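Written below as structure tokens is the structure these notes are about.
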2 protein chains.
Amino acid sequence: MEIKTKQQGIKVVADVLDIVGGKWRGQILAHLCDDPKRFNELKTVLNRITSSTLTKELRYLEDIKMVERKIIQDTPMIVEYRLTDHGMSIKDLIYHIVEWGLKHRNTVFGK
Amino acid sequence: MEIKTKQQGIKVVADVLDIVGGKWRGQILAHLCDDPKRFNELKTVLNRITSSTLTKELRYLEDIKMVERKIIQDTPMIVEYRLTDHGMSIKDLIYHIVEWGLKHRNTVFGK
DNA sequence: GGTTTAAGTATCCTGAAAACTACCGGTAGT
DNA sequence: ACTACCGGTAGTTTTCAGGATACTTAAACC
């Protein structure tokens with residue numbers, strides 16, 4: 001699938017920002033870049049997120065095949081979230097985002 | 001300024017998504033990548049945005065030095081919005097976003 | 001038998017973003 | 001004289017993502 005018109009490109013931008021945007025999804029993906037994490041690990045590291053919000057965001061990321069939920073053990077229940085193979089591809093994008101973010105910070109606030 | 005800890009990196013991601021996220025800012029920047037545009041050109045091409053919202057988003061992008069407002073002529077008033085030199089640097093990021101977006105679309109919806 | 005841990009659900013509520021509506025001053029066209 | 005275009009501003013209303021709070025199931029420790 002190739003990009004033929006400019007409007008299509010802009011649509012793609014809007015779609016990606018929908019995936020990675022919002023208050024939490026970018027952060028969740030960034031945290032999962034390094035290694036799988038359990039529900040409460042994510043909850044701790046994402047300061048002030050509530051269980052219900054975290055659940056909702058993780059379900060969304062599962063639906064779009066970015067994240068896998070894996071039950072490691074029940075009783076006590078242990079669940080692990082990890083990036084799918086496809087999800088891994090977001091690492092590069094996150095790298096580019098950070099790179100630009102640092103450049104921007106220098107430009108706007110000076111060195 | 002370098003990035004030392006993971007938390008710092010995640011902060012940068014959140015900051016960038018704050019700039020480029022939301023319903024309109026990414027689209028506005030993407031449209032300005034090619035060439036400067038007038039207020040009503042942007043309004044037409046951004047389907048269903050209102051004047052007040054467009055004004056607000058453009059002011060924000062001006063404040064963070066991404067976009068320049070230039071009065072070309074008054075009576076009839078002609079105003080042009082263009083990326084600043086620094087704003088141009090977002091082009092690469094948008095390119096990477098589109099690239100990943102296309103890959104993602106293929107993965108999730110199949111070819 | 002009371003508390004703790006893990007991974008959530010269910011329900012209601014709030015605040016900010018965006019939409020809607022109306023308006024402005026000046027100009028050009030019919 | 002009337003209408004439309006241009007680039008907005010002002011005030012109000014709607015929407016909905018995310019927050020707050022309480023509850024659940026099942027085992028395990030004290």
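Small disclaimer: the values here were computed from a predicted structure and weren't measured. Chain letters run A, B, ... following the sequence lines, proteins first, then strands; residues in each count from 1.
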I need the [atom1]-[atom2] distance between [X] and [N], as an integer number of Å.
X	N	atom1	atom2	answer
Lys56(A)	dG18(D)	NZ	P	6 Å
Leu58(A)	dG8(C)	CG	P	8 Å
Ile49(A)	dA7(C)	CD1	C1'	14 Å
Ile71(B)	dG8(D)	CD1	P	8 Å
Lys70(B)	dG7(D)	NZ	C1'	18 Å
Ile72(B)	dG8(D)	CD1	P	12 Å

Is [X] touching bases, backbone alone, or none of the nucleic acid, heavy atoms closer than 4.0 Å?
X	value
Tyr81(A)	sugar-phosphate
Glu57(A)	sugar-phosphate
Leu54(B)	nothing
Thr75(B)	sugar-phosphate

Task: Watson-Crick or G-U stems of DNA chain C, 3 or more pairs, under 3.5 Å, by first number - done: C:1-30 with D:1-30

Ignoring hydrogens and geometry, is there a side-chain-to-backbone donor-acceptor pair from [X] to [Y] under 3.5 Å?
X	Y	value
Thr107(B)	Lys103(B)	yes
Arg25(B)	Asp18(B)	yes
Gln8(A)	Lys4(A)	yes

Open item on the list: Students often mix this up, so state it plainly: with edges at 30° and 60°, are the rings of Tyr81(B) and Phe39(B) parallel, tilted or perpendicular?
Closed with: tilted

Open item on the list: Under 4.0 Å from OP1 or OP2 of dG7(D): is there any side-chain N or O of Ser51(B) that close?
Closed with: no

TODO: Go through residues 19-28 of chain B and report each residue with a non-hydrogen atom lying under 4.0 Å from DNA chain C, sorted by number.
DONE: Gly22(B), Lys23(B), Trp24(B)

Taking the side chain of [X] as its heavy atoms from C-beta onward, which of [options] lies nearest to it?
X	options	value
Ser52(B)	dA20(D), dA18(C), dA10(D)	dA10(D)
Arg59(A)	dA7(C), dT9(C), dG8(D)	dT9(C)
Val79(B)	dG18(D), dA7(C), dG8(D)	dG8(D)
Ile78(B)	dA7(C), dG7(D), dT9(D)	dG7(D)
Thr50(A)	dA20(D), dG7(D), dT9(C)	dA20(D)

- [ ] Answer yes or no: is there a side-chain heavy-atom contact under 4.5 Å between Arg69(A) and Arg82(A)?
- [x] no

Open item on the list: Is the shortest side-chain heavy-atom distance between Glu62(B) and Glu68(B) below 4.5 Å?
Closed with: no

- [ ] Report whether Leu83(A) and Val20(A) are members of the same hydrophobic cluster (ILVMFWY, side-chain heavy atoms less than 4.5 Å apart, transitive linking).
- [x] yes

Open item on the list: So, applying side-chain hydrogen bond (donor to acceptor under 3.5 Å, both in side chains) with Lys37(B), which one of Asp34(B), Asp35(B), Asn40(B) is it?
Closed with: Asp35(B)

Open item on the list: Could you tell me if Ser52(A) and Thr55(A) have a donor-acceptor pair between their side chains, going purely by distance under 3.5 Å?
Closed with: no

Open item on the list: I need the minimum non-hydrogen distance between Lys23(A) and Gln27(A), along with the two atoms involved.
Closed with: O-NE2, 2.9 Å

Task: Ring centers of His104(B), Trp100(B) separated by less than 6.0 Å - done: yes

Task: Whether over 12 other heavy atoms sit under 6.0 Å from Lys65(B) NZ - done: no

Task: Strand-adjacent residues in residues 32-48 of chain B, judged by heavy atoms under 4.0 Å from DNA chain D - done: Arg38(B), Phe39(B), Asn40(B)

